[in-house]
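Remarks on the structure that follows.
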There are 2 protein chains.
Amino acid sequence: MAAQRGEGDGVVTSPEAPADVRERARAIPEAAVARLAVYLRVLSGMVEQGVTTISSEELAGAAGVNSAKLRKDLSYIGSYGTRGVGYDVEVLVSHIERILGLTRKHSVAVVGIGNLGHALANYGGFPSRGFPVAALFDIDPDLTGVPVGGIPVNHIDDITSVCSEREVSIGVIATPPQAAQAVCDRLVSAGVQCILNFAPVVLQVPDYVEVRKVDLAVEMQILSFHVARRADEAASDVVNGIGVDGVVIRP
Amino acid sequence: MAAQRGEGDGVVTSPEAPADVRERARAIPEAAVARLAVYLRVLSGMVEQGVTTISSEELAGAAGVNSAKLRKDLSYIGSYGTRGVGYDVEVLVSHIERILGLTRKHSVAVVGIGNLGHALANYGGFPSRGFPVAALFDIDPDLTGVPVGGIPVNHIDDITSVCSEREVSIGVIATPPQAAQAVCDRLVSAGVQCILNFAPVVLQVPDYVEVRKVDLAVEMQILSFHVARRADEAASDVVNGIGVDGVVIRP
DNA sequence: TACCGCTTGTGAACGCATGCACAAAGTTGA
DNA sequence: TCAACTTTGTGCATGCGTTCACAAGCGGTA
């Protein structure tokens with residue numbers, strides 16, 4: 001069993017190193033993959049605005065990163081820029097889409113049709129970006145057959161058959177924490193290899209399954225930490241003779 | 001203007017280094033802070049189960065991390081373990097809560113009462129963990145006054161007065177992307193210094209504001225990348241004489 | 001064609017986070 | 001009291017990611 005990949009982890013590089021497609025893909029750091037997705041969104045906006053060419057400086061600004069980092073990220077997927085000019089927006093879009101595997105549709109199953117599950121099922125951002133919601137599951141028999149966001153809810157017991165039949169490649173867990181591990185196990189045995197987990201639980205999965213987690217409580221607590229740190233700073237700054245607005249009180 | 005802190009970024013260390021509380025707090029890597037929140041949740045579960053003492057090995061297992069990393073993370077907040085025994089669960093809980101600033105309540109305002117906003121307003125996990133939802137905002141006048149999750153929705157134009165009056169310390173943006181930057185600007189001018197952004201936009205904020213982003217599209221695309229990588233691997237493995245299940249076909 | 005200015009792509013250095021391995025320290029049992 | 005065992009806390013090495021800085025390359029211009 002392997003714990004899921006958390007934030008900031010790098011891609012695990014294999015010991016052997018054959019120079020082929022696999023290595024090209026493996027060589028991209030996880031952090032860079034996340035940023036590529038951001039670049040892609042910015043670039044899509046550019047296309048709509050009719051922009052045909054963009055420099056690393058501009059794109060970096062719009063994506064909120066350093067331009068050197070941007071260029072390095074793009075270099076992981078090959079050299080598609082023109083020196084002295086910049087990048088062709090459409091070319092870049094198609095290359096990033098290819099690398100991120102967006103040339104293929106990835107069917108999504110949402111498990112747990114509570115508040116969050118409802119929101120996810122109705123979320124228009126998924127289908128429009130190549131992630132059609134293909135199935136919904138809940139343990140409540142009263143929900144079975146009820147359409148949510150246009151898709152009828154299935155009972156969780158049918159997860160294996162429905163998932164393999166509809167070729168679900170990504171499972172989204174939006175259940176209460178107690179149920180999450182069991183749901184995860186079922187998804188895995190249904191052949192789902194990628195899981196997005198909203199439940200505040202550390203899922204145990206086999207090595208070959210990729211888990212990403214979105215943990216609202218953790219996010220809030222990180223922000224809370226920064227609030228506290230800021231309060232500490234302000235307090236010690238005042239003690240040290242610096243006012244709360246950064247003005248030195250006793251120089 | 002500073003771009004928001006993305007995943008995996010470290011804490012920015014200040015040039016000067018006075019040995020006081022501030023440095024203690026600053027010295028904790030961002031990644032460690034995120035893990036502390038996870039440890040805290042696991043420990044809370046332990047408390048409910050009546051566990052009084054836990055070793056780094058056990059806690060690390062439950063949190064899905066390496067035990068050395070766990071001990072290092074805990075060492076950032078001080079040495080509260082007993083060699084040969086482990087950690088006192090309750091002591092650890094209270095110390096982590098103190099470091100994360102959870103001894104104080106942090107009022108939350110949710111802006112954008114669509115599907116996601118509804119889900120967030122009704123999400124029980126917030127209040128129970130010290131993050132009471134103190135205000136809801138939307139631009140739709142028809143929603144104004146309508147209670148969602150027990151709290152009446154305010155019009156977005158009242159954001160400044162309501163936020164300062166109710167001492168909101170964390171703003172949650174759950175609006176469509178087009179509105180996000182404007183909402184963010186209003187939150188900032190209302191004095192909110194921590195923002196959790198669900199809109200798929202890179203927010204521009206002053207340096208002193210802390211932004212965390214939760215981007216479902218990016219998460220999905222990262223998973224998509226792994227699906228694609230896996231497909232590539234399988235393909236090249238078959239070419240290289242390794243079957244899809246890892247069995248060597250032509251040794 | 002030759003030059004000039006601009007932008008990419010990348011080698012190299014730096015810094016942070018991770019994981020190992022062990023000394024220090026505390027507990028248990030005789 | 002002492003020895004054996006357990007577990008923490010941490011110095012150190014390793015590896016990854018970020019950033020700098022600059023050579024290479026391309027388009028425009030005379």
Side-chain angles (χ1 to χ4, degrees), chain A residues 2-3 5-15 17 23-24 26-36 38-39 51-61 63-89 91-92 95, chain B residues 2-3 5-15 17 23-24 26-36 38-39 51-61 63-89 91-92 95:
Chain A
R5 201 173 296 292
E7 297 178 357
D9 292 330
V11 166
V12 180
T13 47
S14 66
E23 274 313 301
R24 156 64 57 86
R26 285 235 180 181
I28 305 179
E30 185 91 356
V33 173
R35 287 191 297 267
L36 283 174
V38 175
Y39 304 153
V51 178
T52 58
T53 293
I54 193 168
S55 73
S56 64
E57 203 72 42
E58 292 173 281
L59 182 50
V65 302
N66 183 301
S67 71
K69 192 191 287 187
L70 172 94
R71 287 198 300 274
K72 182 139 282 187
D73 287 345
L74 293 183
S75 79
Y76 291 132
I77 65 172
S79 303
Y80 301 113
T82 308
R83 291 166 195 243
V85 177
Y87 299 89
D88 182 291
V89 175
V91 168
L92 213 47
H95 280 297
Chain B
R5 202 172 298 290
E7 296 177 0
D9 292 330
V11 167
V12 180
T13 46
S14 65
E23 273 316 300
R24 156 64 56 87
R26 285 236 179 179
I28 305 178
E30 185 91 356
V33 173
R35 286 191 297 267
L36 283 173
V38 175
Y39 305 153
V51 178
T52 59
T53 291
I54 193 167
S55 72
S56 64
E57 204 71 43
E58 293 173 279
L59 182 50
V65 300
N66 182 302
S67 71
K69 192 191 289 188
L70 172 96
R71 288 198 299 276
K72 185 143 284 192
D73 287 344
L74 293 182
S75 79
Y76 291 131
I77 66 172
S79 302
Y80 301 110
T82 307
R83 290 165 196 244
V85 178
Y87 299 90
D88 182 291
V89 176
V91 169
L92 214 45
H95 280 296

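Reminder, nothing fancy here: chain letters follow the sequence lines and each chain counts from 1.
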Taking the side chain as C-beta and beyond, is there a heavy-atom pair between B/Leu59 and B/Leu92 under 4.5 Å? yes

State, with a plain yes or no, whether a side-chain heavy atom of B/Tyr76 is found less than 4.5 Å away from one of B/Val33. no

In terms of side-chain heavy atoms of B/Tyr87, which of C/dA21, C/dT8, D/dG9 is nearest? D/dG9

What stems involve DNA chain D, if each pair must be Watson-Crick or G-U and both of its distances must be under 3.5 Å, with 3 or more such pairs in a row? C:1-30 with D:1-30

Separation of B/Leu70 atom CG from D/dT10 atom P, in whole Å? 14 Å

Can a donor-acceptor pair under 3.5 Å be found between the side-chain atoms of A/Arg83 and the base atoms of C/dT8? yes

Closest-nucleotide 5' rank along DNA chain C - winner of B/Ala32 and A/Ser55: A/Ser55

Name the closest nucleotide to the B/Ala31 side chain, picking from D/dA21, C/dG26, C/dT18. C/dT18

Taking atom C1' of C/dT8 as reference, at what distance in whole Å does atom NZ of A/Lys69 sit? 18 Å

As a test of reading the structure: which of D/dC26, D/dT10, C/dT27 is closest to the side chain of B/Val85, going by heavy atoms? C/dT27

Considering all heavy atoms of both residues, which atom of B/Ile77 and which atom of B/Leu36 are nearest to each other, and what is their separation? CG2-CD1, 3.9 Å

What nucleotide, of D/dT18, C/dA21, C/dG9, holds the atom closest to the side chain of A/Ser79? C/dG9

Please tell me which of the listed nucleotides, D/dC26, C/dT8, C/dA17, lies nearest to the side chain of B/Pro29? C/dA17

For C/dT8, does OP1 or OP2 lie under 4.0 Å from any side-chain N or O of A/Ser56? yes

Counting side-chain heavy atoms from CB outward, which of D/dC26, D/dC20, C/dG19 is closest to A/Asn66? D/dC20

Closest-nucleotide ordering on DNA chain D, the 5'-leading residue of A/Gly84 and A/Arg71: A/Arg71

Looking at CG of A/Leu74 and OH of A/Tyr39, how far apart are the two atoms once the value is rounded to the nearest 0.5 Å? 6.5 Å

Hey, are the side chains of B/Tyr87 and B/Arg71 touching, using non-hydrogen atoms and a 4.5 Å cut-off? yes

Report yes or no: is there a donor-acceptor pair, N or O only, under 3.5 Å between the side chain of B/Lys72 and the base of C/dG19? yes

